[in-house]
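Working notes, structure below.
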Amino acid sequence: MSESVVVRAACPHDCPDTCAMEIGVRDGRAVSVRGAADMPFTNGALCTKVAHYLERVYSDQRLMHPLRRVGAKGDGRFERIRWDDALDIIAERFRAIAADDPRAILPYSYAGTMGLVQSESLDRRFFNRLGAARLDRTICAAAGAMGWKATVGASIGADPEAVVDARLILIWGGNPVVSNVHGWRYLQEAKRRGAKLICIDPRRSETAAKCHQHVAPLPGTDGALALAMMQVLIAEDLLDHDYIARCTLGFAELAERVRGCTPEWAAGVTGLDAATIRELAQAYGRSAPTLIRLNYGLNRSGGGGMAVRNIACLPALTGAWRHAGGGALLSTSGNFPLDRHALERPDLYRQDPSRPPRTINMTTIGEALLETRDPPIRALYVYNANPVAVAPYSAKVRAGFRREDLFCVVHELFQTDTADYADILLPATSQLEHHDLHTSYGHFYLVANRPAIDAQGEARSNTEVFRQLAARLGFDDTALFETDEAIAAAALRREDGRSLGVGARLAEHGWARLNLPRPFAPFARGGFPTPSGKCEFLSSFLAAQGLDPLPAWHPPYESVVSNPALAARYPLALISPPARNFLNSSFANLPRFTAGEGGPRLDIHRDDAAARGLTDGMRVRIHNDRGAFHAYARVTEAVRRGVVAAPSIWWQKRSGDGENANAVTSDALTDMGGGAVFYDCLVEVAGAPA
Ligand SMILES: Nc1nc2c(c(=O)[nH]1)N[C@H]1C(S)=C(S)[C@@H](COP(=O)(O)OP(=O)(O)OC[C@H]3O[C@@H](n4cnc5c(=O)[nH]c(N)nc54)[C@H](O)[C@@H]3O)O[C@H]1N2
Ligand SMILES: Nc1nc2c(c(=O)[nH]1)N[C@H]1C(S)=C(S)[C@@H](COP(=O)(O)OP(=O)(O)OC[C@H]3O[C@@H](n4cnc5c(=O)[nH]c(N)nc54)[C@H](O)[C@@H]3O)O[C@H]1N2
Ligand SMILES: [Mo]
């Protein structure tokens, strides 16, 4: 047996931590996966899922060769075909449809891998050249990103490694113990140094259980809580007047707007005590440095955009941005100044004056497949995504995918719920089998991924397939045939063509921190990337879109307060946050991880269970007008009264009843950004036959 070699890699998954990994390889086989010890954020550790990554890479469920559908759509019955035949069939169908109108072809992708090469470069170039419909990738973070942008200007915030120096930390709408474990390490260090941690979450999450205090508002009411905190800060003069004068815009208008938003008012919508709200605001106003670690859990409601916008105003009122590790953090993605144009090449888009480009919102894919005309969507190419399982309102999504006249290609590692609807199903490489480069939305490091092993079976990478399809369609633009290495190199340049200056370190270590000061306090002296250069309480960005330029209260669509008639029939608010052992629907087909979760579960408060005659472990049916799914009840006090929680995202076909939480979620869109409202969903729960 030969010596094992170590290959530097990056975790590809949709998580803020973007870990640097070391893959041990012996005789062409990966034998170990470790977190890189020299990468500060990864710190030698991987999460419960990726620590066992070889079970995914070498799973006997991996798709090994191209397949063609033989059964009905959704049955998942296929026969093996050759790659050449599969590519010929796809090219022929795309050519015929494009001859009528290329906008009838829709790419559908999200974050199965977050690598720049395999997820947002050659694919975009190919579909631009084809003139295909564009996809608005809204399903996760669109509302929050827009709310943050309105106030702060770009996805830039506190330095995730400097947070150890904060004295008071609000963990708001996030569950870092599960979904940002490496970020949690820094928050814990702050706690060890004496910081107080307060978690704001409708349920006592794994994180809330480890904080000093847990504040549990009703889902979708964070915007009101933030308005009331501002009211208290202003009324009690817990303000940094100098920072407000120099670094913010619209304080007088804000003060006027929040005058009536007292804790007593907010108590009525959030379900919290007025005293709790007032004390939270006072603690926030009297501590320094303070950090608000927001996450996307709170942007999955009708008012999600405004909620994030309101919360983002708080640190400017108290001057918390002055301190490194103070302020607020939602995402670090805006810190990576990459040349997106060079990666995606929008200039390749074939302009036809009679056919303006068309954009389809991914969140409403069911509706788009069923309702879009002029032209209807005739072909769908799915990669890096599992929409049948993850998109809201499953009944609509499946009806769309079931359309007999829709030509559907799915490129996947596994036969997912979506793959069952493919006409052509292509086997994809795993992260250990292809080249890539990763940015992060939770730290300041670039991480490179080198292939450690050969492709399994006949698997091919996303880029490889797009190059081959481009050739078959007769495209000759050199940008469509660039190697993965060349694309990754192009990503290391800024928009003005200057180098990021990290290439050598990246080549040597496999990771490199951006050239930012350490610690980094981005807005210590203002300099916000907004139109005014200030933190905008009064937002010109929102005003330009005809939206309310000031912080406001946008209630959830489905709640006792906003829709009492619906709440009379469906009184419980369902949230379906990430399960620890899954990454969205990834890993939810592999035995170790499904065993770790135990089975589809519904957490329900003791009183709500008793009122329905439900007991612990009982099989229950969760339903509303959109559909129903089953789970076993866990009777607990970890969710507040009136709220139920179903850790997600299970595969439908592995859930016993062919459904998961998205059977009941709504495909309504958020107030800003056209985002999904997964956690804005009223249901009723009843006992079900075991
Ligand atoms: N293990 C694991 N890690 C993951 C993922 C996974 O599936 N599994 N998914 C990844 C992805 S794609 C993302 S976007 C991130 C998401 O991770 P986070 O941004 O942390 O968001 P969520 O897990 O959706 O929600 C976090 C918490 O918000 C709470 N919450 C729900 N509704 C509300 C509300 O209205 N207000 C408040 N204050 N809190 C609310 C939930 O109970 C949950 O505990 O995690 C990533 N990391
Ligand atoms: N009810 C409910 N629904 C939700 C959420 C929720 O909290 N509750 N969360 C939402 C959020 S935040 C998000 S981000 C979305 C996530 O939705 P998706 O981005 O669709 O995430 P996954 O379910 O992990 O599916 C990704 C798929 O990509 C595949 N893949 C991985 N690498 C590659 C590759 O290199 N090539 C190809 N071709 N395929 C690859 C994986 O095998 C996997 O099946 O789900 C949303 N849906
Ligand atoms: Mo997400």
Side-chain angles (χ1 to χ4, degrees), residues 12-17 47-49 56 108-115 118-119 137 139-141 144 171-181 199-208 215-222 225 294-301 303-304 307 330 362-363 382-387 389-392 410-414 416-419 426-431 433-434 436 441-442 459 461-462 465 556 573-589 639 643 645-649 651 660-665 676 678-681:
H13 289 288
D14 186 354
C15 164
D17 297 7
C47 67
T48 33
K49 305 170 295 294
R56 181 172 163 88
Y108 191 103
S109 74
Y110 201 61
T113 166
M114 296 206 70
Q118 300 300 338
S119 83
R137 292 177 171 83
I139 202 159
C140 173
I171 299 175
W172 202 329
N175 184 13
V177 168
V178 161
S179 50
N180 175 207
V181 244
C199 185
I200 305 176
D201 193 311
R203 62 184 185 121
R204 193 167 69 239
S205 64
E206 294 86 339
T207 305
V215 174
L218 286 163
T221 64
D222 307 274
L225 177 57
L294 293 81
N295 230 315
Y296 291 102
L298 65 79
N299 97 140
R300 308 195 205 292
S301 285
L330 175 61
M362 72 185 308
T363 296
V382 182
Y383 60 105
N384 296 346
N386 185 10
V390 311
V410 177
H411 191 192
E412 249 301 346
L413 285 90
F414 297 102
T416 58
D417 288 330
T418 307
L426 304 173
T429 43
S430 77
Q431 183 79 342
E433 299 152 49
H434 56 230
D436 221 322
Y441 62 97
S461 69
N462 296 346
V465 176
L574 171 76
I575 54 177
S576 46
R580 183 197 285 259
N581 292 284
F582 303 159
L583 198 295
N584 299 320
S585 77
S586 297
F587 300 94
N589 58 321
V639 283
V643 176
S648 291
I649 305 171
W651 284 23
N660 66 15
N662 284 319
V664 294
T665 54
F678 292 109
Y679 305 164
D680 188 337
C681 174

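Counting starts at 1 for both ligands and their atoms, following the listed order.
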Worksheet, complete the sentence: atom 25 (O) of ligand 1: closest protein heavy atom, distance to 0.1 Å, is Gly297 CA, 3.4 Å
Item to complete: Between Leu583 and ligand 2, find which residue part has any heavy-atom pair under 4.0 Å and reply side chain, backbone, both or neither.
Response: backbone
Worksheet item: What is the nearest protein non-hydrogen atom to atom 34 (C) of ligand 2, stated with its residue, atom name and distance?
Response: Asn384 OD1, 3.2 Å
Discussion item. Tell me the contacting part of Asn584 for ligand 1: side chain, backbone, both, or neither, using a 4.0 Å heavy-atom threshold, strictly below.
Written reply: both
Worksheet item: Should the proximity of His411 to ligand 2, defined as any heavy atom under 4.0 Å, be assigned to the side chain, the backbone, both, or neither?
Response: both
Worksheet item: Taking the six-membered ring of Phe587, is the NZ or CZ of Arg56 close enough (under 6.0 Å from the centre) and on axis enough (within 45°)?
Response: yes
Worksheet item: Where does Ala579 meet ligand 1, judged by heavy-atom distances below 4.0 Å: at the side chain, the backbone, both, or neither?
Response: backbone
Response to the item:
Under 4.0 Å between heavy atoms, the region of Thr429 that gets near ligand 2 turns out to be backbone
Worksheet, complete the sentence: atom 13 (C) of ligand 1 has as its nearest protein heavy atom Tyr441 OH, 4.0 Å
Fill in: Shortest protein contact, atom 42 (O) of ligand 2 (heavy atom only)
Glu412 OE1, 2.8 Å
Discussion item. Among all protein heavy atoms in this structure, tell me which lies nearest to atom 15 (C) of ligand 2, with the distance rounded to 0.1 Å.
Written reply: Ile139 CG2, 3.9 Å
Discussion item. Less than 4.0 Å is my threshold; does some heavy atom of Ala208 fall inside it relative to ligand 1?
Written reply: no
Worksheet item: Which one holds for Tyr296 and ligand 2: side chain close, backbone close, both close, or neither close, with close meaning a heavy atom under 4.0 Å?
Response: neither
Worksheet item: With atoms numbered from 1 as shown, which atoms in ligand 1 lie under 4.0 angstrom from a non-hydrogen atom of Lys49?
Response: 1 (N), 2 (C)
Worksheet item: Side chain or backbone of Ala385 under 4.0 Å from ligand 2, or both, or neither, by non-hydrogen atoms?
Response: both
Worksheet item: Among all protein non-hydrogen atoms, which one is nearest to atom 10 (C) of ligand 2, and what is the separation to 0.1 Å?
Response: Phe678 CE1, 3.6 Å
Discussion item. Heavy-atom pairs closer than 4.0 Å: do any link ligand 1 to the side chain of Cys140, the backbone, both, or neither?
Written reply: side chain
Discussion item. Using a plain distance cutoff, I'd like to know if Arg56 has any nitrogen or oxygen under 3.5 Å from a nitrogen or oxygen of ligand 2.
Written reply: yes
Worksheet item: How far is atom 30 (N) of ligand 2 from its nearest protein heavy atom, and which residue and atom is that?
Response: Leu413 CD1, 3.6 Å
Worksheet item: Looking only at N/O atoms, are His434 and ligand 2 under 3.5 Å apart anywhere?
Response: no
Worksheet item: Taking N or O atoms only and a 3.5 Å limit, does Phe582 qualify as a polar contact for ligand 1?
Response: yes
Discussion item. Among all the protein's non-hydrogen atoms, which is closest to atom 31 (C) of ligand 1, and how far away is it?
Written reply: Tyr679 CD1, 3.3 Å
Practice prompt. With heavy atoms only and a cut-off of under 4.0 Å, state how Asn295 meets ligand 1: side chain, backbone, both or neither.
Written response: both
Worksheet item: For atom 46 (C) of ligand 1, what is the nearest protein heavy atom, given as residue, atom name and distance?
Response: Asp14 O, 3.3 Å
Worksheet item: Okay, side chain of Ser301, backbone of Gly304: is any donor-acceptor separation there less than 3.5 Å?
Response: no
Worksheet item: Below 3.5 angstrom, do we get any N/O pair linking Val178 and ligand 1?
Response: yes
Discussion item. Tell me the contacting part of Arg203 for ligand 1: side chain, backbone, both, or neither, using a 4.0 Å heavy-atom threshold, strictly below.
Written reply: side chain
Worksheet, complete the sentence: The answer for which part of Met114 has a heavy atom under 4.0 Å from ligand 2 is neither
Response to the item:
If you scan protein heavy atoms around atom 26 (C) of ligand 2, the nearest is Gly112 CA, 3.5 Å
Worksheet entry | Nearest-neighbour protein heavy atom for atom 36 (N) of ligand 1, which is reported as residue plus atom name and distance | Asp222 OD2, 2.7 Å
Discussion item. For atom 45 (O) of ligand 2, what's the nearest protein heavy-atom neighbour? Residue, atom name and distance, please.
Written reply: Val390 CB, 3.4 Å
Discussion item. With a heavy-atom distance limit of 4.0 Å, tell me whether His13 approaches ligand 2 through its side chain, its backbone, both, or neither.
Written reply: neither
Discussion item. Can you report which non-hydrogen protein atom sits closest to atom 20 (O) of ligand 2, along with the distance?
Written reply: Asn386 N, 2.9 Å
